[in-house]
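As structure tokens, the structure follows; a few thoughts come after it.
Reminder, nothing fancy here: chain letters follow the sequence lines and each chain counts from 1. The figures that follow rest on heavy atoms only: side chains count, while hydrogens, waters and symmetry mates do not.
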There are 2 protein chains.
Amino acid sequence: MTEKALDILQRHQLRNTAVRRQVLEQFLQAGHKALSNSDLEDALENPDRITLYRTLKTFEQKGIVHQAIDGSGTTKYALCQDECSEHEHHDDHAHFHCHDCGKTICLEGSIKSAVQLPEGFQVQQKHFVLEGTCADCQPE
Amino acid sequence: MTEKALDILQRHQLRNTAVRRQVLEQFLQAGHKALSNSDLEDALENPDRITLYRTLKTFEQKGIVHQAIDGSGTTKYALCQDECSEHEHHDDHAHFHCHDCGKTICLEGSIKSAVQLPEGFQVQQKHFVLEGTCADCQPE
DNA sequence: GTATTTTTGCAACAATGTTGCATAAATAAT
DNA sequence: ATTATTTATGCAACATTGTTGCAAAAATAC
């Protein structure tokens with residue numbers, strides 16, 4: 001499994017360090033689930049939160065992860081599935097945020113909107129955030 | 001102009017206090033622009049940030065303002081145009097966030113999406129965030 | 001195996017979010 | 001109007017997150 005992490009690091013010309021491998025493992029395990037800095041702090045053994053913070057920034061910059069905007073206030077990241085290149089994230093991300101357990105996951109599918117943009121405004125990225133309760137938090 | 005603010009307070013059964021009036025004035029002036037706690041701290045004279053924080057929470061709860069999710073990390077609020085009732089915000093908000101000046105504004109128009117929601121997930125609110133540069137920050 | 005580059009871990013600090021509590025202010029009751 | 005009651009304010013205090021600088025440690029290059 002670490003092969004996959006190693007491969008990602010190599011492909012993005014990042015040094016193979018313990019922290020980076022561990023963080024990547026977490027993301028690979030998480031699948032569509034987005035992870036915050038503190039999620040990683042909880043998951044790893046002796047994490048230094050500043051290192052994690054910088055690791056995430058590096059990964060984002062390299063196009064390994066993308067920010068999962070969910071309105072929760074804390075920054076979360078999720079694995080980019082279709083390889084995003086450096087500084088060129090595939091935009092138009094949709095995320096679901098469960099305001100019960102706080103979980104955020106990436107959704108498939110594209111966004112189309114009939115929103116009126118004032119003149120002179122230039123759009124670079126679109127985020128679609130769905131809020132509600134996830135399957136696990138459903139009251140039967 | 002304060003009449004409008006007073007009217008809003010009365011309609012929502014909120015006590016008419018100096019802070020609330022001032023905050024409402026700011027929102028009425030701001031129009032479609034969303035305001036953060038620190039925006040209000042800058043705009044008012046002797047603001048207590050905790051009071052502002054609580055004022056905003058109260059206003060949100062009463063349906064006077066709604067959170068303008070923009071991925072900026074800080075919570076911003078904007079006036080609800082069509083009266084939202086308590087705990088029943090009119091969902092489906094679209095916001096534009098300028099990552100140059102940081103400004104966030106409410107957009108008109110509705111959102112439709114072709115996003116695939118996993119089974120068992122229940123959506124309560126939708127947010128659509130457009131990121132880019134606003135008219136003021138456009139390079140000529 | 002050594003030199004060079006990059007990453008890590010720590011200190012330190014800023015901004016924001018949040019709660020408890022005594023005082024002050026606003027409304028209700030007399 | 002005055003007092004009683006309810007609610008809001010302002011302060012202290014603290015948690016969390018975001019962020020930068022720097023020396024030591026680790027990873028790659030030579």
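In this model, no donor atom of one side chain and acceptor atom of the other lie less than 3.5 Å apart for A:H93 and A:Q67. Between the side chains of B:T104 and B:K76, at least one donor N or O lies within less than 3.5 Å of an accepting N or O.
In terms of position along DNA chain C, the nucleotide closest to A:R15 lies nearer the 5' end than the nucleotide closest to the other residue of the pair A:R15 and A:N46.
At a threshold of 4.5 Å between non-hydrogen side-chain atoms, the residues B:L56 and B:F27 count as touching.
Here the P atom of nucleotide C:dT8 and the CD atom of A:Q22 are 10 Å apart, to the nearest Å. Regarding B:D42, its CG atom lies at a distance of 11 Å from the P atom of C:dA15, rounded to whole Å. Atom CG of A:N16 is separated from atom P of C:dT8 by 11 Å (rounded to the nearest Å). Between the CD atom of B:Q67 and the C1' atom of C:dG17 there is a distance of 12 Å, given to the nearest Å. Residue A:Q13 contributes atom CD, which lies 15 Å from atom C1' of D:dA27 at whole-angstrom precision. If you measure from atom CG of A:L52 to atom C1' of C:dT7, you get 13 Å, rounded to the nearest angstrom. Rounded to whole Å, the distance from CG on B:L14 to P on C:dT27 is 10 Å. Rounding to whole angstrom units, CG of residue A:L24 and C1' of C:dT7 are separated by 15 Å.
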side-chain contact (heavy atoms from CB on, under 4.5 Å) between B:H95 and B:L130: does it pass, once the steps are laid out? CA-CA 6 Å; B:H95 297 114; B:L130 301 179; over 6 Å; no
Verdict with reasoning, B:H66 to B:E60, per side-chain hydrogen bond (donor to acceptor under 3.5 Å, both in side chains): CA-CA 5 Å; B:H66 64 270; B:E60 188 197 13; over 6 Å; no
Before giving the answer on salt bridge (Lys or Arg N to Asp or Glu O under 4.0 Å), spell out for B:D136 and B:K103 the whole-Å C-alpha distance, their side-chain angles and the decisive distance to 0.1 Å. CA-CA 10 Å; B:D136 297 341; B:K103 181 168 56 190; 2.9 Å; yes
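A:T17 comes within 4.0 angstrom of sugar-phosphate atoms only, judged by non-hydrogen atoms across all strands, and of no base.
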Protein-proximity profile, nucleotides 15-25 of chain D, B/S/- by nucleotide at the 4.0 Å heavy-atom cutoff, equals --BBBBBB---
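Qualifying salt bridge (Lys or Arg N to Asp or Glu O under 4.0 Å) partners for B:D100, counting only residues two or more places apart in sequence or in other chains: none.
When the side-chain nitrogen and oxygen atoms of A:R20 are compared with OP1 and OP2 of C:dT7, one or more of them lie within a distance under 4.0 Å.
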